K.L.:
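Input: one structure, supplied below.
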2 protein chains.
Amino acid sequence: MDAVGFDKHDHSACIDDMIAVAEAYCVANKLQFTPTRRRVLEFLLEDHRALGAYDILERLVEEGHGSQPPVAYRALDFLVKHGFVHKIERLNAYIACAHPHEKHSPAFMICRLCGSVAEASTPAKKLLDQAAKDVGFNIECTIVEAEGLCPKCTTEGASV
Amino acid sequence: MDAVGFDKHDHSACIDDMIAVAEAYCVANKLQFTPTRRRVLEFLLEDHRALGAYDILERLVEEGHGSQPPVAYRALDFLVKHGFVHKIERLNAYIACAHPHEKHSPAFMICRLCGSVAEASTPAKKLLDQAAKDVGFNIECTIVEAEGLCPKCTTEGASV
DNA sequence: AGTTGAATGTAATAGTATTACATATCAGTA
DNA sequence: TACTGATATGTAATACTATTACATTCAACT
Ligand SMILES: [Zn+2]
Ligand SMILES: [Zn+2]
Ligand SMILES: [Zn+2]
Ligand SMILES: [Zn+2]
């Protein structure tokens with residue numbers, strides 16, 4: 001398993017790659033990768049951390065887009081629906097997917113101090129599937145999030 | 001693994017038992033199981049489904065308690081902190097724990113049609129711990145929720 | 001040009017949660 | 001008993017998150 005979020009990496013390439021993937025996917029599936037949608041994905045890729053819908057709205061406003069919540073929520077809904085972005089339920093925030101369209105059940109590790117978030121792929125889905133089968137429940141999607149301390153905050157705050 | 005939520009069971013005994021467990025725990029740990037806290041736990045046990053903080057507040061008001069949000073949130077914070085209640089992040093709602101103080105990492109199955117919620121115990125923590133260790137993350141708590149269709153809604157809505 | 005469906009702009013409102021400060025209650029102690 | 005500190009409650013105000021509704025714009029197709 002791998003993770004993006006706690007390690008340094010070639011970030012400009014990272015953004016370009018992800019945008020390219022999204023664009024190609026939209027073209028292939030006749031989806032409209034509009035300026036607003038593209039910009040929101042860029043914001044999330046730039047920060048590489050979870051942003052609230054209103055953080056995003058704020059930035060959109062600065063660039064001249066509409067100033068009402070639906071402007072942000074619509075773009076986010078699109079990006080989530082098509083797998084470019086995940087919602088972090090624990091934070092009511094959104095983060096760019098680290099493995100777009102590799103068909104996965106994401107798991108997130110959320111640092112409660114610095115707020116960084118790493119996405120991992122785990123067999124958690126498999127695990128729940130068995131538990132679900134036992135009671136006859138039909139899983140459609142899973143949410144797996146862990147809260148704790150990231151490597152950096154663990155060492156820094158040995159006193160915490 | 002077992003689940004409460006999709007099966008019928010002796011409910012009055014269920015409530016009494018849970019309240020007794022909570023009371024005993026509070027006495028043993030010098031915690032104050034105040035009337036408000038007890039009542040909130042009873043509401044959650046009675047319904048055996050997830051209730052929003054404002055649903056709970058509404059009921060408290062009917063019984064003469066304070067009418068401001070902190071009245072509900074404080075009781076919920078206490079109950080969550082001491083393991084009598086879990087928060088369902090996906091629903092922004094709260095549900096009574098089905099296994100109080102059996103030290104567990106709960107997993108929830110949430111029916112998107114009827115809203116029923118079942119709590120299961122899974123080894124998700126173990127699983128995530130390995131993934132976390134790989135990247136140096138220190139897990140403090142886990143959130144595992146699955147959304148889908150419960151047995152009843154699966155059969156009823158074969159057309160959905 | 002006319003029709004359609006998707007996307008956007010905007011206002012209003014709904015739903016969830018916290019901060020701040022005053023008051024009350026209770027346990028332990030002088 | 002009176003004082004003290006910690007805990008719990010009452011209340012007002014505010015902050016944060018999200019949806020509904022309706023008008024408008026735009027591109028694609030006929
Ligand atoms: Zn992903
Ligand atoms: Zn950190
Ligand atoms: Zn539980
Ligand atoms: Zn159901």
Side-chain angles (χ1 to χ4, degrees), chain A residues 22-23 26-27 29-41 43-44 50-82 84-95 110 112 115 143 145 147, chain B residues 22-23 26-41 43-44 50-82 84-95 110 112 115 143 145:
Chain A
E23 185 149 34
C26 287
V27 168
N29 293 81
K30 298 198 203 312
L31 299 171
Q32 300 186 44
F33 196 48
T34 64
T36 307
R37 291 166 177 177
R38 171 191 295 258
R39 207 70 194 93
V40 170
L41 182 53
F43 291 149
L44 291 170
L51 295 179
Y54 282 74
D55 295 330
I56 289 167
L57 179 58
E58 197 176 327
R59 301 198 193 186
L60 287 173
V61 170
E62 285 170 6
E63 298 188 2
H65 295 78
S67 63
Q68 299 301 314
V71 173
Y73 282 105
R74 283 169 184 154
L76 288 168
D77 286 348
F78 173 88
L79 294 169
V80 168
K81 181 177 177 186
H82 294 101
F84 303 122
V85 166
H86 299 294
K87 178 174 184 183
I88 310 292
E89 298 289 344
R90 181 59 177 257
L91 302 176
N92 292 319
Y94 303 82
I95 193 166
I110 306 164
R112 71 171 156 80
I143 297 164
E145 300 173 9
E147 193 174 62
Chain B
E23 184 149 34
C26 287
V27 168
N29 294 81
K30 298 199 203 310
L31 299 171
Q32 300 186 43
F33 196 49
T34 64
T36 307
R37 291 166 177 177
R38 171 191 294 259
R39 206 72 193 93
V40 170
L41 182 53
F43 291 149
L44 291 169
L51 295 179
Y54 282 73
D55 295 329
I56 288 166
L57 179 58
E58 196 176 328
R59 301 197 194 186
L60 287 173
V61 171
E62 285 170 7
E63 299 187 1
H65 296 78
S67 64
Q68 299 301 313
V71 172
Y73 283 105
R74 282 168 183 155
L76 288 168
D77 285 348
F78 173 89
L79 294 169
V80 167
K81 180 177 177 184
H82 294 102
F84 304 120
V85 166
H86 299 293
K87 179 174 184 184
I88 309 292
E89 298 289 344
R90 181 59 179 257
L91 302 176
N92 292 320
Y94 302 82
I95 193 166
I110 307 163
R112 72 170 157 79
I143 297 163
E145 300 173 8

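Since the model is a prediction, treat every value here as computed from it, not as a measurement. Naming: A, B, ... by sequence-line order, numbering from 1 per chain.
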K.L.:
Figure out the CD/C1' separation between B:Glu58 and C:dG15, and round it to whole Å.
P.N.:
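Atom CD in B:Glu58 sits about 13 Å away from atom C1' in C:dG15.
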
K.L.:
Tell me: CG of A:Leu57 to P of D:dT19, nearest whole Å?
P.N.:
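The distance from CG of A:Leu57 to P of D:dT19 comes to 14 Å, rounded to the nearest Å.
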
K.L.:
Using a 3.5 Å distance criterion without hydrogens, assess whether the side chain of A:Glu145 forms a donor-acceptor pair with backbone atoms of A:Glu89.
P.N.:
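Yes; judged by distance alone, with no hydrogens or angles, the pair exists.
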
K.L.:
Rounded to whole Å, how long is the line connecting atom CZ of A:Arg38 with atom C1' of C:dT8?
P.N.:
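It works out to 18 Å between those atoms.
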
K.L.:
Taking only side-chain N and O atoms of A:Thr34, does any of them lie within less than 4.0 angstrom of OP1 or OP2 on C:dT8?
P.N.:
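True: A:Thr34 side-chain N/O within range (under 4.0 Å) of C:dT8 OP1/OP2.
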
K.L.:
Given D:dG10, is OP1 or OP2 found less than 4.0 Å from the side-chain N or O atoms of B:Ser67?
P.N.:
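For D:dG10, OP1/OP2 do not have a side-chain N/O of B:Ser67 under 4.0 Å.
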
K.L.:
Distance check needed: D:dA6 C1' versus B:Lys30 NZ, whole Å only.
P.N.:
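Computing the B:Lys30:NZ to D:dA6:C1' distance gives 15 Å.
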
K.L.:
Using heavy atoms to find the nearest nucleotide of DNA chain C for B:Gln32 and B:Gly52 separately, return the residue whose nucleotide is more 5′.
P.N.:
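It is B:Gly52 whose nearest nucleotide is closer to the 5' end.
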
K.L.:
Would you say a side-chain N or O of A:Arg74 is under 4.0 Å from OP1 or OP2 of C:dA6?
P.N.:
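For C:dA6, neither OP1 nor OP2 has a side-chain N or O of A:Arg74 closer than 4.0 Å.
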
K.L.:
CG/B:Leu51 to OH/B:Tyr94 distance, rounded to the nearest 0.5 angstrom?
P.N.:
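Going from the CG atom of B:Leu51 to the OH atom of B:Tyr94 covers 11.5 Å.
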
K.L.:
In whole Å, what is the span from the CG atom of B:Leu91 to the P atom of D:dT17?
P.N.:
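Going from CG in B:Leu91 over to P in D:dT17 covers 18 Å.
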
K.L.:
Both A:Gln68 and B:Gly64 contact DNA chain D. Taking the nearest nucleotide for each, which residue is further toward the 5' end?
P.N.:
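The residue closer to the strand's 5' end, by nearest nucleotide, is B:Gly64.
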
K.L.:
Distance criterion of 3.5 Å, no angle test: do you see the side chain of B:Tyr54 paired donor-to-acceptor with the base of C:dA14?
P.N.:
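No pair found.
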
K.L.:
OP1 or OP2 of C:dG15 sitting under 4.0 Å from any side-chain N/O of B:Asn92?
P.N.:
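The answer is no; no side-chain N or O of B:Asn92 sits under 4.0 Å from OP1 or OP2.
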
K.L.:
Could you give the CD-to-C1' distance, from A:Glu89 to D:dT17, as a whole number of Å?
P.N.:
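After rounding, the reported distance stands at 12 Å.
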
K.L.:
Provide, to the nearest angstrom, the distance between the CZ atom belonging to B:Phe33 and the C1' atom belonging to D:dA8.
P.N.:
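So the CZ-C1' distance, B:Phe33 to D:dA8, works out to 15 Å.
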
K.L.:
Using the closest heavy atom to pick a nucleotide of DNA chain D for each, name whichever of B:Val71 or B:Leu31 lands nearer the 5' end.
P.N.:
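The residue mapped nearer the 5' terminus is B:Leu31.
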
K.L.:
B:Tyr94 side chain N/O closer than 4.0 Å to the phosphate oxygens (OP1, OP2) of C:dT16?
P.N.:
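Answer is no, no contact under 4.0 Å.
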
K.L.:
If only atom types and distance count, is the side chain of B:Asp55 paired as donor or acceptor with the main-chain N or O of B:Gly52 below 3.5 Å?
P.N.:
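Present.
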
K.L.:
So, does A:Lys87 get its side chain near the phosphate of D:dA18, meaning an N or O under 4.0 Å from OP1 or OP2?
P.N.:
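For D:dA18, OP1 or OP2 has a side-chain N or O of A:Lys87 closer than 4.0 Å.
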
K.L.:
Validate the cation-pi geometry between B:Arg38 and B:Phe33: distance from NZ or CZ to the six-membered ring centre under 6.0 Å, angle to the ring axis within 45°.
P.N.:
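No, cation not above the ring by the 6.0 Å, 45° rule.
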
K.L.:
Please report, rounded to the nearest Å, how far the P atom of D:dT9 is from the CG atom of B:Leu60.
P.N.:
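For the pair B:Leu60 CG and D:dT9 P, the rounded distance is 11 Å.
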
K.L.:
Is it true that the NZ or CZ of A:Arg37 lies under 6.0 Å from the centre of A:Phe78's six-membered ring and within 45 degrees of the ring axis?
P.N.:
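Ring-cation test returns yes.
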
